[in-house]
2 protein chains.
Amino acid sequence: MASDTLRGLERGLQVLDALNLSSGMTLRELHCNTNLPKPTLLRILATLEAHGYVRRRIADGVWRRSARLSETGSLQGLLLDVGSSILDDLCQRLRWPSDLAVYDEGSMMIIETTRKKSPYFINWTGVGYRIPMLQTGLGRAWLSFCSNEERETILSDLRGSSSPFDRAANNSQLVDQLISETRAQGYGTRVQGFTLRKIGEEKTDGFAVPVIARDRIVGCMNVTWLTSALDQRTAISRYLEEVQAAAGRIGNEIDTKLSLDAARPSALQ
Amino acid sequence: MASDTLRGLERGLQVLDALNLSSGMTLRELHCNTNLPKPTLLRILATLEAHGYVRRRIADGVWRRSARLSETGSLQGLLLDVGSSILDDLCQRLRWPSDLAVYDEGSMMIIETTRKKSPYFINWTGVGYRIPMLQTGLGRAWLSFCSNEERETILSDLRGSSSPFDRAANNSQLVDQLISETRAQGYGTRVQGFTLRKIGEEKTDGFAVPVIARDRIVGCMNVTWLTSALDQRTAISRYLEEVQAAAGRIGNEIDTKLSLDAARPSALQ
DNA sequence: TTCTTCGTTCCGGCTGCCGGAACGTTGATT
DNA sequence: AATCAACGTTCCGGCAGCCGGAACGAAGAA
């Protein structure tokens, strides 16, 4: 269970964490901060040093976190990171599964989903799966809440696409209507009865909202349910608020993490 | 000794390292990559996850390094990081101690030194200690190898300084001469007999070279010796090449690490 | 010089960890 | 529908890896 965890490793990470936010500590300071006995600390530090995670300043013997680059994490990495656990929470509350997706080369790409965890069996599509922009809630939400410049780029890409789904991008009247409607309601819905599903599976429906961080759209998330269990009006009235709250939480956490990073202690002293 | 190290922690770091450069692996892949038994991996991953170091994607159970920001490390952190071990090497070869310093607010600030490790007892000054720009090898080297813009800024700062050492900045003829001389030789020396030392300590001398990374100066390093043991001419002929090589290695390593960072794998897939 | 503080080493004892093996589940194959 | 293979998960008896108090040495402070 939750306690199936390694004490030695745990203590090592504890030391790493302590060093991370202090830019250098002596053995004594570490001892006071972590309450670990000094011989133990010495062993931990030796191990961390051997793997290049910490380094001891020769001048004064102070232990410092060594500068490992390549741990930054892109914005999308962050989105996946915080999104994952919030989607999980949401699924436990609503029971219905959600997806998290980003725009990528002419379609929405799914980067996380709780379809596996949901108790309801719903047409399973994995990470990396792509769905069209104009027929789905996720796509419509992205198009409606991204910047004007981005929308223009996307639409012109779609006009040049060979996919039958993307032809609708030529009907600018339809597109405009779609976007203003989506904006007005605050969520995107899919084309009546539209599902990319295998034969024999139940019909589903859903809606999607944007995830906003740093004042721009960074992703979209949705909820999906079986039409046999719920009609759209009921689902939206029941779940919209909660899904929007979850999207808001994702955006907030991203913003916080990014600003924490900007304010981290200087590398010296 | 070198083997006084914790196996559990070591394995945990091994897993972290594996995940770092792959952006996601299944248990099986980890098992193949690390040769650790699967139950052990499960325990390690549980521990890492509890501390927020890794996260499991719900969609497909893939383990990913979680996006921890605040581990980036400034350029100065990097300098200290790679400089530390290279200074250490150098000290083992030359026996004489070295310092690593950067320009900071009107003087050179020492950020690392091997005076502790050197077998020769030399006037001990710790991290954070400041030395003047115009009288010391470290200061002269920085002034001579920084950009023209930076030099102008520094000199005008010095002219406004209250320190008696910095008054020489007003004598522009002297300054120009100093800089062209330092540039010509490739290293900076100190004012004849200049030492900030306590009474009773032996006289020292030294020279300093710039550390260049990303095509600009990022630090200066020097060697110090007792005048009672060596005259300047001998010391320079014996050590200059080696010190310049060390400075070059520091610069190169910084450049490599920075470009490795730029080329790291995408956070998705 | 003496005293205090900090880092390092030592070693007997025990518990935290180990990993083979068995099990349950998933999804591919015929 | 049935079979099979691959993967993740759980179990548990056994032992070595780790533990940390105590003693030691070195380095400043008084």
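Order of the sequence lines fixes the chain letters, A, B, ..., with proteins taken first and strands second; residue numbering starts at 1 for each chain.
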With [X] via side-chain contact (heavy atoms from CB on, under 4.5 Å) - residues at least two apart:
X        : result
B:Arg11  : B:Arg7, B:Gln14, B:Leu36, B:Thr40, B:Ile44
B:Asp231 : B:Arg233, B:Thr234
B:Ser98  : B:Leu87, B:Leu90, B:Thr114, B:Asn222, B:Val223
B:Gln232 : B:Thr189, B:Asp205, B:Trp225, B:Ile236

Starting at [atom1] of [X] and ending at [atom2] of [N], how long is that distance when rounded to a whole Å?
X       : N      : atom1 : atom2 : value
A:Asp4  : D:dG8  : CG    : P     : 17 Å
B:Leu42 : D:dT10 : CG    : P     : 7 Å
B:Trp63 : D:dG8  : CH2   : C1'   : 11 Å
B:His31 : D:dA6  : NE2   : C1'   : 12 Å
B:Glu49 : D:dT9  : CD    : P     : 11 Å
B:Leu45 : D:dC7  : CG    : C1'   : 15 Å

Partners of [X] by side-chain hydrogen bond (donor to acceptor under 3.5 Å, both in side chains), sequence neighbours excluded?
X        : value
A:Ser84  : A:Glu112
B:Ser162 : none
B:Asp104 : B:Arg130

Are B:Gln135 and B:Phe165 side-chain neighbours, meaning at least one heavy-atom pair lies under 4.5 Å? yes
I'd like to compare against my own output: the B/S/- annotation of nucleotides 13-19 of chain C with a strict under-4.0 Å heavy-atom distance to protein. ---SSBB
Under the salt bridge (charged side-chain N to carboxylate O under 4.0 Å, His left out) definition, can you give me all pairs with a residue in residues 26-54 of chain B, not counting sequence neighbours? none
Establish, with yes or no, whether the OP1 or OP2 oxygen of D:dT9 is under 4.0 angstrom from a side-chain nitrogen or oxygen of B:Arg56. yes
Between the axis at one end of the helix from C:dT1-D:dA30 to C:dT30-D:dA1 and the axis at the other (five pairs apiece), what's the angle to 10 degrees? 40°
Counterpart residues, salt bridge (charged side-chain N to carboxylate O under 4.0 Å, His left out), relative to B:Glu10 (two or more places apart): none
Interatomic distance, B:Tyr129 atom OH to B:Asp99 atom CG [nearest 0.5 angstrom]: 11.0 Å
Anything under 3.5 Å between a protein N or O and an N or O of nucleotides 4-6 of chain C, put it in a table, one pair a line.
from  : atom 1 : to      : atom 2 : distance (Å)
C:dC6 : OP1    : A:Arg28 : NE     : 3.0

